[in-house]
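Okay, structure first, notes after.
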Amino acid sequence: MTDISSSKDYSHPQYKKDRDTLNSIMAGPADNTNLAELARLRIRYDGFQGARDIQSDLDKMLVKLDMSEDELFAKTREIHQSEVIFKPTWMKKGEDWS
């Protein structure tokens, strides 16, 4: 008996937002924010069964940047050590729970 579910593609709940982000990355400069976003999306879609267009474009971006995934992750680790790229949602809203 064949497991049909293993060949099914799923839609990601963040697809629309991620597609817009990736389009922006592809059109923009290879700055720290875009590199961090690219790494974040690589992690999100790693092993995800679906969003093949996003996965393909993520691969194309690595080729365009002439970077391996490991190099991208090493670079973004350096970036995160020197600056804040992503602010937690509660910080954006001005909430302070301390």
Across all chains, not counting sequence neighbours, the side-chain contact (heavy atoms from CB on, under 4.5 Å) partners of S11 are none

Let me see the working for L58 and L62 under side chain to side chain contact (heavy atoms under 4.5 Å, CB included), right down to the final yes or no.
CA-CA 7 Å; L58 290 169; L62 287 179; over 6 Å; no

Which residues pass the side chain to side chain donor-acceptor pair (under 3.5 Å) test with E83, not counting sequence neighbours?
N32

Within residues 51-80 or reaching into it, pairs that qualify as ring pair (Phe, Tyr, Trp, His ring centres under 6.0 Å) - sequence neighbours excluded:
H80-F86

With side chains defined as the heavy atoms from C-beta onward, is the minimum distance between L41 and I54 less than 4.5 Å?
no

With sequence neighbours left out, the residues meeting salt bridge (Lys or Arg N to Asp or Glu O under 4.0 Å) with D18 are R44

Salt bridge (Lys or Arg N to Asp or Glu O under 4.0 Å) against D31, all qualifying residues, sequence neighbours excluded:
none

Let me confirm one number: the NZ-CG distance from K64 to D59, rounded to the nearest 0.5 Å.
14.5 Å

Side chain to side chain donor-acceptor pair (under 3.5 Å) partners of D53, counting only residues at least two apart:
Y15, R19

Using salt bridge (Lys or Arg N to Asp or Glu O under 4.0 Å) as the criterion, list what pairs up with E78, not counting sequence neighbours.
none

Please round to the nearest 0.5 Å and tell me the distance separating atom CE of M26 and atom CE of M61.
7.0 Å

Contacts of type ring pair (Phe, Tyr, Trp, His ring centres under 6.0 Å), residue F48, not counting sequence neighbours
H12, Y45

Under the rule for side-chain contact (heavy atoms from CB on, under 4.5 Å), what residues qualify as partners of K60, not counting sequence neighbours?
S56, D57

T21 side chain near R40 side chain, heavy-atom distance below 4.5 Å
yes

E69: which residues meet the side chain to side chain donor-acceptor pair (under 3.5 Å) condition with it, sequence neighbours left out?
R42

Check whether any side-chain N or O of Q55 sits under 3.5 Å from a backbone N or O of G50 as a donor-acceptor pair, and report yes or no.
yes

Non-hydrogen atoms of A30 and L35 that approach each other most closely
O-CD1, 3.9 Å

Specify the closest pair of heavy atoms between M67 and E71, including all atoms of both residues, with the distance to one decimal.
CA-OE1, 3.2 Å

Salt bridge (Lys or Arg N to Asp or Glu O under 4.0 Å) with K16: which residues, sequence neighbours excluded?
D20

